[in-house]
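Computed from heavy atoms alone, side chains included, the values below leave out hydrogens, waters and symmetry copies.
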Amino acid sequence: MARSAVGWKLPVFLPEGTHTYRFVIDNEWVTDPQAEAILPNEFGESNGVLQVGKPYVFRLDGFQNAEKVVLAGSFNDWKSYELVMQKKSNGWEILYTPGKGNHSYHFLADGQEVGPKSSGQSDSYSSALYQWVVDPNYTFMLEGYENAKTICIAGTFNNWSETGFPLRKNEKGHWEIKLQVPEGKSSYKYLVDGEWIIDPKNPYWEQNEMGSKNSVLWLELPGSLP
């Protein structure tokens, strides 16, 4: 950071989402005394918090007998100590800004995983994950495969999640999903009933570390520089 007339400063770019930070002053870690908010870290101390973009309310119904419920997901590197929820009537809540992206998450009720549950169930534990796409900007479509039971997409834009982002049939009988794809290059494949395939409609591909192929997508967002 650069010394200024009133202290120290450093301009940085922050994308939408929640960012945690600390200062290092002469090799000593210090929490920002003027931080808008703080969150616990892995050392039992606190990090400053900056939230850019739209916050959302995450809610878990039930579990009134739990002593502690935590939200953990891909948006905070699955930290089990950071996003402690507040008990409300008939559930738990937390306000959080995940930012644009394809997110997976679950809740931890007294350390036990809580994911999507079947209709009518309450206070039940599940290792399944919730999936949430914030600001989808691209539609992937796979034609054919009418007899397939499950088709998922995995790529660099969802941390290569093999089961978390299933495609659904549209009114024409094609499989599709809307996701948030970042500007630039992305690699991906489809997983059709357990078998990996590249996108048959996409002529662009590259070899991967497994000796097979990945489909390649290059996305230029409106208003991007040449």
Side-chain angles (χ1 to χ4, degrees), residues 11-21 36-37 39 47-61 70-79 82-86 91-108 114-116 128-143 150-172 174-191 198-199 201-202 204 214-226:
V12 296
F13 170 75
L14 295 177
E16 290 189 6
T18 298
H19 307 275
T20 57
Y21 68 99
E36 298 178 0
L39 286 172
N47 293 332
V49 179
L50 288 172
Q51 299 190 74
V52 182
K54 181 180 179 180
Y56 294 86
V57 175
F58 288 80
R59 178 175 174 83
L60 177 65
D61 293 327
V70 178
L71 169 67
S74 56
F75 38 69
N76 76 329
D77 295 327
W78 301 97
K79 296 172 183 174
E82 186 178 61
L83 303 178
V84 180
M85 304 179 72
Q86 294 183 339
W92 298 75
E93 289 184 358
I94 189 171
L95 188 67
Y96 186 75
T97 304
K100 298 178 181 179
N102 311 298
H103 305 297
S104 302
Y105 67 95
H106 61 194
F107 303 99
L108 298 170
V114 179
L129 298 174
Y130 294 92
Q131 309 294 343
W132 187 29
V133 180
V134 179
D135 195 20
N137 63 344
Y138 192 88
T139 300
F140 291 90
M141 185 176 298
L142 182 63
E143 299 181 12
T150 60
I151 299 180
C152 294
I153 188 169
T156 52
F157 40 73
N158 67 356
N159 200 29
W160 291 97
S161 173
E162 296 184 11
T163 59
F165 294 86
L167 281 71
R168 308 296 183 190
K169 283 188 177 180
N170 60 21
E171 64 279 2
K172 296 182 179 180
H174 304 323
W175 297 83
E176 71 173 22
I177 187 172
K178 295 181 179 181
L179 295 176
Q180 164 62 221
V181 179
E183 181 179 3
K185 173 188 168 184
S186 296
S187 302
Y188 68 98
K189 297 184 82 168
Y190 293 111
L191 188 61
I198 60 174
D199 190 343
K201 290 290 187 178
N202 185 353
Y204 302 105
N214 292 335
S215 293
V216 175
L217 173 67
W218 184 272
L219 184 64
E220 294 185 5
L221 300 181
S224 59
L225 296 175

Donor-acceptor check, side chain of T20 to backbone of V49, threshold 3.5 angstrom: yes or no?
no
Start with the C-alpha distance between H106 and W78, add both sets of side-chain angles, then the distance that settles side chain to side chain contact (heavy atoms under 4.5 Å, CB included), and finish with yes or no.
CA-CA 9 Å; H106 61 194; W78 301 97; 3.9 Å; yes
Evaluation steps, side chain to side chain donor-acceptor pair (under 3.5 Å), between Y188 and N202:
CA-CA 11 Å; Y188 68 98; N202 185 353; 3.1 Å; yes
Minimal heavy-atom distance between E16 and H19, with the atoms involved, is C-NE2, 4.5 Å
Could you pull out the closest heavy-atom pair between K54 and T97, with the gap in Å?
O-CG2, 3.4 Å
Sequence neighbours excluded, which residues qualify as ring pair (Phe, Tyr, Trp, His ring centres under 6.0 Å) partners of F58?
F75, Y105, W132
Taking ring pair (Phe, Tyr, Trp, His ring centres under 6.0 Å) as the test, write out the residues that go with W160, two or more places apart.
none
In sequence, state the C-alpha distance, the side-chain angles, and the governing distance for E36 and L50, and then conclude on side chain to side chain contact (heavy atoms under 4.5 Å, CB included).
CA-CA 7 Å; E36 298 178 0; L50 288 172; 4.1 Å; yes
If we count only N and O atoms by modelled type, under 3.5 Å, do the side chains of T139 and E176 hold a donor and an acceptor together?
no
Roughly how far, to the nearest 0.5 Å, is CG of L219 from OH of Y138?
7.5 Å
May I ask you to test the H174-E143 pair for a side-chain heavy-atom distance under 4.5 Å?
yes
Out of curiosity, K169 NZ to W175 CH2, how far, rounded to the nearest 0.5 Å?
5.0 Å
Ring pair (Phe, Tyr, Trp, His ring centres under 6.0 Å) partners for Y21, two or more places apart:
F23
Heavy-atom closest pair, residues S161 and A154:
O-CB, 3.3 Å
Do N76 and L83 have side chains that approach each other closer than 4.5 Å (heavy atoms only, starting at C-beta)?
yes
Before giving the answer on side chain to side chain contact (heavy atoms under 4.5 Å, CB included), spell out for S104 and F165 the whole-Å C-alpha distance, their side-chain angles and the decisive distance to 0.1 Å.
CA-CA 9 Å; S104 302; F165 294 86; 3.9 Å; yes
Do Q180 side-chain atoms and D135 backbone N/O form a donor-acceptor pair below 3.5 Å?
yes
Ring centre gap for F157 and F140 strictly below 6.0 Å:
yes
Given the rule in the side chain to side chain contact (heavy atoms under 4.5 Å, CB included) test, do Y190 and I198 qualify, once you have shown the distances and angles that lead to the verdict?
CA-CA 6 Å; Y190 293 111; I198 60 174; over 6 Å; no
Which distance, rounded to the nearest 0.5 Å, do you find between the CG of D199 and the NZ of K189?
11.5 Å
Ignoring hydrogens, what is the shortest heavy-atom contact between L167 and I153? Give both atom names and the distance.
CD1-N, 3.8 Å
Can you find a pair of side-chain heavy atoms, one from I151 and one from L191, that are under 4.5 Å apart?
no
Neighbour count above 12 (heavy atom, 6.0 Å) for K178 NZ:
no
Nearest heavy atoms of F107 and R59, plus distance in Å:
CZ-O, 3.7 Å
Does N137 use its side chain to pair, donor to acceptor, with the backbone of V181 at less than 3.5 Å?
yes
Should we say atom CG of N159 is surrounded by more than 12 heavy atoms from elsewhere, each under 6.0 Å from it?
no
V133 pairs by side-chain contact (heavy atoms from CB on, under 4.5 Å) with which of N158, N102, I177?
N102
Tell me if a side-chain donor or acceptor on D77 pairs with a main-chain N or O of K79 at a distance below 3.5 Å.
no
Specify the closest pair of heavy atoms between S74 and H103, including all atoms of both residues, with the distance to one decimal.
OG-CA, 3.5 Å
Would a 4.5 Å heavy-atom cut-off, applied to side chains only, mark E93 and L60 as touching?
no
